[in-house]
Amino acid sequence: MSDPTNPFEAMMKMGQDMAKTMNPALEAFTPKGFENMMPTMSAEMMEQFMGKGVSPEGLDAKTRLLLTLSGLTIQGAQGEAQIRLTVRHLVEVGATKQEIAETIAQAAMFGGVPAMSKAMELATEVLDGEKED
């Protein structure tokens with residue numbers, strides 16, 4: 001092959017060019033704050049769809065969301081919007097700051113300290129924002 005171009009870079013450039021052509025505003029798009037477009041579900045709705053409503057003998061919505069937060073933390077910085085949204089939902093179902101922090105800290109055993117630090121930073125942003133509202 002005579003083309004020294006990295007195939008991944010070429011694919012990314014092609015996708016970016018296509019996005020700019022379709023919608024020039026996408027050139028400056030950032031996913032930061034994207035989760036704010038989804039409203040926080042009520043505790044009752046989450047319990048019905050994710051907790052005891054689905055499985056009366058199973059896990060409640062708060063426990064399921066704590067498990068979700070653990071998994072997202074282990075993934076690292078890939079799920080920033082999802083971490084913020086999950087923390088928002090955890091606050092709604094009555095999770096304490098301590099429970100949220102312990103869940104993130106426990107995930108460090110599997111995802112590493114950098115992943116834990118990032119998740120803790122994101123959770124703190126959400127929890128500090130909750131006080132201002």
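The first residue of the sequence shown is numbered 1, and numbering continues consecutively from there.
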Quiz prompt | Pair Ile83-Ile104, side-chain contact (heavy atoms from CB on, under 4.5 Å): steps then yes or no | solution = CA-CA 10 Å; Ile83 289 172; Ile104 292 170; 5.7 Å; no

Quiz item: Is there a side-chain contact between Met50 and His89, using heavy atoms and a 4.5 Å cut-off?
Solution: no

Quiz item: Got a sec, which residues hit side chain to side chain contact (heavy atoms under 4.5 Å, CB included) with Ala43, two or more places apart in sequence or on another chain?
Solution: Glu92, Val93

Practice problem: Compare every heavy atom of Ala115 with every heavy atom of Gly76, then report the nearest pair and how far apart it is. | Solution: CA-CB, 3.9 Å

Quiz item: Of all residues at least two apart in sequence or in a different chain, which pass the side chain to side chain contact (heavy atoms under 4.5 Å, CB included) check with Gln98?
Solution: Thr96, Glu102

Quiz item: Any salt bridge (charged side-chain N to carboxylate O under 4.0 Å, His left out) pairs touching residues 110-122, not counting sequence neighbours?
Solution: Glu80-Lys118, Lys118-Glu121

Practice problem: With sequence neighbours left out, write down each residue that passes side chain to side chain contact (heavy atoms under 4.5 Å, CB included) with Met45, or none if nothing qualifies. | Solution: Met41, Ser42, Phe49

Quiz item: Can Met120 be reached from Leu69 by stepping across I, L, V, M, F, W or Y side chains whose heavy atoms are under 4.5 Å apart?
Solution: yes

Exercise. Supply the members, apart from Phe110, of the Ile/Leu/Val/Met/Phe/Trp/Tyr cluster built from side-chain contacts under 4.5 Å; use none for a lone residue.
Key: Ile74, Met109

Self-check item: By side chain to side chain donor-acceptor pair (under 3.5 Å) - contacts of Gln48 (at least two apart)
Solution: none

Quiz prompt | Gap between atom CE of Met11 and atom CG of Asn6 - 0.5 Å precision | solution = 9.5 Å

Quiz prompt | Where Thr86 and Leu65 come nearest, the two heavy atoms and their spacing | solution = CG2-O, 3.6 Å

Quiz item: Who passes side chain to side chain donor-acceptor pair (under 3.5 Å) against Lys13, sequence neighbours left out?
Solution: Asp17

Quiz prompt | Non-neighbouring partners of Glu47 that pass side chain to side chain contact (heavy atoms under 4.5 Å, CB included), sequence neighbours left out | solution = Lys52, Asp60, Ala61

Quiz item: Should Leu122 and Val87 count as side-chain neighbours, where that means a heavy-atom distance under 4.5 Å?
Solution: no

Exercise. Give every residue pair that meets the side-chain hydrogen bond (donor to acceptor under 3.5 Å, both in side chains) criterion with at least one member in residues 64-73, sequence neighbours excluded.
Key: none

